[in-house]
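Chain A is the first sequence line, chain B the second, and so forth, proteins listed ahead of strands; every chain is numbered from 1. Quick caveat: nothing in here was measured; it's all calculated off a predicted structure.
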Amino acid sequence: MQIKAMLSKRIEQTFAVLGLQGDALVQAASRPEFGDYQANGVMAAAKREKKNPREVAQQVIDHLDLDGIASQIEIAGPGFLNFTLDPIWLATAAPGQVSQATPPATIVVDYSAPNLAKEMHVGHLRSTIIGDSIVRVLEAQGHQVLRQNHVGDWGTQFGMLLEYLQESGESSDQLADLETFYRSAKVRFDEDEAFQNRARKAVVDLQSGAEYAALQWQKFIAISMSHCQDIYDRLGVTLSPEHIAGESRYNEALPGVIKALENKGLLQESDGAQCVFLDEFKTKKGDILPVIVQKSDGGYLYATTDLAAIAYRTSELDADRILYCTDARQNLHFKQIFAVARLAGFNANQSSLEHLPFGTMLGADGKPFKTRSGDIIKLADLLREAENRALRLVQEKNPGLELQAARKLSKIIGIGAVKYGDLCKNRTSDYVFDWDQMISFEGNTSPYLQYAYTRVRSIFSRGEIEVATLPSEAIAVDEPERRLAVTLAALNDTLEQVAAEGYPHYLCTYLYELATRFTQFYEACPILKSTGEVKTRRLVLARQTADTLQLGLSLLGIDTPERM
RNA sequence: GCGCCUGUAGCUCAACUGGAUAGAGCAUCGGCCUUCUAAGCCGAGGGUUGAAGGUUCGAGUCCUUCCAGGCGUACCA
């Protein structure tokens, strides 16, 4: 049940009856004394009709039918409507159930997209886990989600790598560390002219489909992808080899892209390059910004590939929405290719093309994040560090725990902390990377949420409660119970927001609030010590909390341990 | 130069897209474990939301002009 949507609809229907226009502007109450939900839209609607907002608010209440849903509706301030939900209705709001989208859509999500020439580093973290979380939410809502991992597996650098692979042999130890491999290849490339020439030839051979080059390339890609897959598996990301749709896949479609642009009369030559000039990208001075689709040497660019990808996704995959989870620095690029795609008819099905940009990860100095030696931190190292820190804490908190169990637990906690540390921030802005902050276990962190979950589990095991025998609904009575129940019921409002706008931090904020409400309830309302109806309803609320926490964390891609 | 983004407590971030007294965590200070896990709870201090104007019942949010930072801006992705 999406409460906000339901209330909005009812209020707006009432607006229509009264001849008013505008949105109801429903939101969760900003303060407890304002009830559970508030509607702010009356004031604007009244103003449009030049009427007294409080009088209009009264008329809305008179015509609004929320019998059995709201136990109290009040007018406050200049014309706010404050709603208090009926506890009996609240009990039936089915916490822990994800509302299914009607009708479900086909949604392509383009995310992760590591460069296969190098090892995954912290810069790939955001796209990978933000995209994965959005994918999980959309799937939970019943949408058909098509993951597209647009890996960088094509281009000039591969000539160098293929030639070096040929020279050093695929059993080379350096391949265990792609970063070293890349660097060594670069050294060879820079020092030896003959090597350079062979590397350039390898590129040409590869792109023209020579068999030896293709074989060598496939070997390299396979090795590189297995590195990525290791990271995905450790991170608990739902990507697998079947989701790979890299740049190379569109290679054969690229001449067709140019041809199509030409047929549409969009193509212009400029300094030897094939370009599309669009009025909307003119500067005030009248300078025009080209979208270059073919270089003067005949080579293609990422704009060309992305256009081919749009055509494929909108027609072959039949996508209703295509979401791109990439760095904010590509803002202009996506604006341009979306515009070109529309003009050229590549977006055959009028798919909604949405760029979900995220900011850069910075170091403490405010500059893009590097290690002391100037290297970018590898994801593998980041994850190891997170697990080690978690292990130390786990052993400190649970001295009796066997090492193997402690390791298992520290994986769940450490990886969760890394993911949550990133997901809980508004993706749009740059953010400062800090070991202690990212791998933190107190306050608004995933361990706090996991901890709240284990406390519920602990109640059930200690009280020897058969969860299955509990009733499915409980009517909250005491204030901490009510506050918890209201928060439980808001799950789907939050999920809808995440799905519509692609901001997983809404879900984090929600879960943190839920865990906080639960902990307050836990402190104030004894469960196992209570008896009869009181005990039952509190057990039910606890179970609903555990279910919702587990569900919400799973939608962020974070596991829940049974004890900590 | 032009364009996009950012500027909120000592630090790291929220603020449901114009709503009521700007909220959390960390850090600091004080209280709470013989009672369901203290990775927790309760409380205190800490703010001219970069600056100045403007729009209106109402502005951190919208507009204008500045200031500071980041990124992008013709053959990298």
Mind running a 4.0 Å heavy-atom check of residues 30-42 of chain A against RNA chain B and sending the residues that fall below it, in number order?
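Result for residues 30-42 of chain A: A:Ser30, A:Arg31, A:Glu33, A:Phe34, A:Gln38, A:Asn40, sorted by number.
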Any chance the side chains of [X] and [Y] put a donor and an acceptor closer than 3.5 Å?
X	Y	answer
A:Asn444	A:Tyr420	yes
A:Ser99	A:Gln141	no
A:Arg563	A:Thr454	no

*Starting from the C-alpha separation in whole Å, work towards a yes-or-no answer on side-chain contact (heavy atoms from CB on, under 4.5 Å) for A:Trp217 and A:Trp154.*
CA-CA 9 Å; A:Trp217 177 80; A:Trp154 208 242; 3.9 Å; yes
*For the residue pair A:Tyr250 and A:His150, is the inter-centroid distance of their aromatic rings smaller than 6.0 Å?*
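Yes, the ring of A:Tyr250 comes within the 6.0 Å limit of the ring of A:His150, centre to centre.
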What's the closest nucleotide to the [X] side chain, out of [options]?
X	options	answer
A:Arg329	B:C42, B:C4, B:C71	B:C71
A:Lys4	B:C16, B:A74, B:A24	B:C16
A:Asn82	B:A20, B:G25, B:C16	B:A20

Remember a base hit wins even if backbone is also touched, and classify [X] as base, sugar-phosphate or nothing at under 4.0 Å, heavy atoms.
X	value
A:Asn426	sugar-phosphate
A:Glu501	base
A:Ala328	nothing
A:Ala452	nothing
A:Leu301	sugar-phosphate

Presence of donor-acceptor pair under 3.5 Å, side chain of A:Ser270 and base of B:A74:
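In this structure, the two groups form a donor-acceptor pair.
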Practice problem: Mark yes or no for a side-chain to base donor-acceptor pair under 3.5 Å between A:Lys335 and B:C4, with no hydrogen or angle criteria applied. | Solution: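 A donor-acceptor contact between them is absent.
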Would you measure the distance from the [atom1] atom in [N] across to the matching atom in [M] and give it in whole Å?
N	M	atom1	result
B:G23	B:U8	C1'	11 Å
B:C71	B:A52	P	28 Å
B:C5	B:C76	P	27 Å
B:C29	B:A20	C1'	32 Å
B:C26	B:G72	C1'	34 Å
B:C57	B:G47	C1'	25 Å
B:C33	B:C42	P	16 Å
B:A39	B:A51	P	41 Å

Rounded to whole angstroms, how far apart are [atom1] on [X] and [atom2] on [N]?
X	N	atom1	atom2	result
A:His333	B:G72	NE2	P	14 Å
A:Leu495	B:C16	CG	P	18 Å
A:Phe80	B:C16	CZ	P	14 Å
A:Leu25	B:G18	CG	P	9 Å
A:Arg427	B:C13	CZ	P	16 Å
A:His505	B:U17	NE2	C1'	11 Å
A:Arg54	B:A20	CZ	C1'	12 Å
A:Asn444	B:G25	CG	C1'	6 Å

Would you give the length of the straight line joining atom [atom1] of [X] to atom [atom2] of [Y], rounded to the nearest 0.5 angstrom?
X	Y	atom1	atom2	result
A:Leu81	A:Leu25	CG	CG	11.0 Å
A:Cys325	A:His355	SG	NE2	8.0 Å
A:Ile129	A:Leu556	CD1	CG	9.5 Å

Salt bridge flag under 4.0 Å for residues [X] and [Y]:
X	Y	answer
A:Lys425	A:Asp430	no
A:Arg483	A:Asp478	no
A:Arg313	A:Asp110	yes

Which sits closer to the 5' end of RNA chain B, A:Gly299 or A:Ser440, going by the nucleotide each is nearest to?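 Checking each residue's closest nucleotide, the 5'-ward one belongs to A:Ser440.
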Q: With RNA chain B as reference, determine whether A:Pro290 or A:Cys424 sits nearer its 5' end, using the nearest nucleotide of each.
A: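 Counting from the 5' end, the first nearest nucleotide belongs to A:Cys424.
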* **Selection residues 439-461 of chain A - residue pairs positive for ring pair (Phe, Tyr, Trp, His ring centres under 6.0 Å), sequence neighbours left out** =>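 Output for this query lists A:Tyr448-A:Tyr512.
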_Here's a test for you: under side chain to side chain donor-acceptor pair (under 3.5 Å), which of A:Gln450, A:Gln550, A:Arg457 qualifies with A:Thr560?_
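Output: one option passes, namely A:Gln550.
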Assigned glycosidic conformation for B:U17 [threshold 90° from 0]: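 Chi for B:U17 falls in the syn range.
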Indicate syn or anti for B:C11, taking the glycosidic torsion and treating anything within 90° of 0 as syn.
->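 Here B:C11 takes the anti form, which means its glycosidic angle is more than 90° from 0.
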Encoded 5' to 3' (Watson-Crick or G-U under 3.5 Å; [ ] crossing; | other strand), RNA chain B becomes (((((((..((((.....[...)))).(((((.......))))).....(((((..]....))))))))))))....
Restricting to nitrogen or oxygen on both sides, can you table the protein-nucleotides 7-11 of chain B pairs closer than 3.5 Å?
none

Can you name the atoms? Protein N/O to nucleotides 33-39 of chain B N/O, anything below 3.5 Å, with the distance.
{"from": "B:U35", "atom 1": "O2'", "to": "A:Lys529", "atom 2": "NZ", "distance (Å)": "3.2"}
{"from": "B:C36", "atom 1": "O2", "to": "A:Ile527", "atom 2": "N", "distance (Å)": "3.4"}
{"from": "B:C36", "atom 1": "O2", "to": "A:Leu528", "atom 2": "N", "distance (Å)": "3.1"}
{"from": "B:C36", "atom 1": "N3", "to": "A:Ile527", "atom 2": "N", "distance (Å)": "3.1"}
{"from": "B:C36", "atom 1": "N4", "to": "A:Tyr522", "atom 2": "O", "distance (Å)": "2.0"}
{"from": "B:C36", "atom 1": "N4", "to": "A:Cys525", "atom 2": "O", "distance (Å)": "3.3"}
{"from": "B:U37", "atom 1": "OP1", "to": "A:Ser458", "atom 2": "OG", "distance (Å)": "2.5"}
{"from": "B:U37", "atom 1": "OP2", "to": "A:Ser458", "atom 2": "OG", "distance (Å)": "3.2"}
{"from": "B:U37", "atom 1": "O2'", "to": "A:Tyr451", "atom 2": "OH", "distance (Å)": "2.3"}
{"from": "B:U37", "atom 1": "O2'", "to": "A:Arg455", "atom 2": "NE", "distance (Å)": "3.0"}
{"from": "B:U37", "atom 1": "N3", "to": "A:Met564", "atom 2": "O", "distance (Å)": "3.0"}
{"from": "B:U37", "atom 1": "O4", "to": "A:Thr454", "atom 2": "OG1", "distance (Å)": "3.4"}
{"from": "B:U37", "atom 1": "O4", "to": "A:Met564", "atom 2": "N", "distance (Å)": "3.3"}
{"from": "B:A38", "atom 1": "OP2", "to": "A:Arg455", "atom 2": "NH2", "distance (Å)": "2.5"}
{"from": "B:A39", "atom 1": "OP1", "to": "A:Tyr451", "atom 2": "OH", "distance (Å)": "3.3"}
{"from": "B:A39", "atom 1": "OP2", "to": "A:Lys397", "atom 2": "NZ", "distance (Å)": "2.7"}
{"from": "B:A39", "atom 1": "O4'", "to": "A:Lys397", "atom 2": "NZ", "distance (Å)": "3.4"}

With B for base contact, S for sugar-phosphate-only contact and - for none (protein heavy atoms under 4.0 Å), nucleotides 57-62 of chain B reads S-----
Next item on the list: Could you label the plane-to-plane angle of the A:Phe220 and A:Phe158 rings as parallel, tilted or perpendicular, counting under 30° as parallel and over 60° as perpendicular?
Entry: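 Rings of A:Phe220 and A:Phe158: perpendicular, as their planes differ by over 60°.
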Query raised in the report: How about A:His333 and A:Asp306: do any of their side-chain heavy atoms sit closer than 4.5 Å?
Result: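 Counting from C-beta outward, A:His333 and A:Asp306 do come under 4.5 Å.
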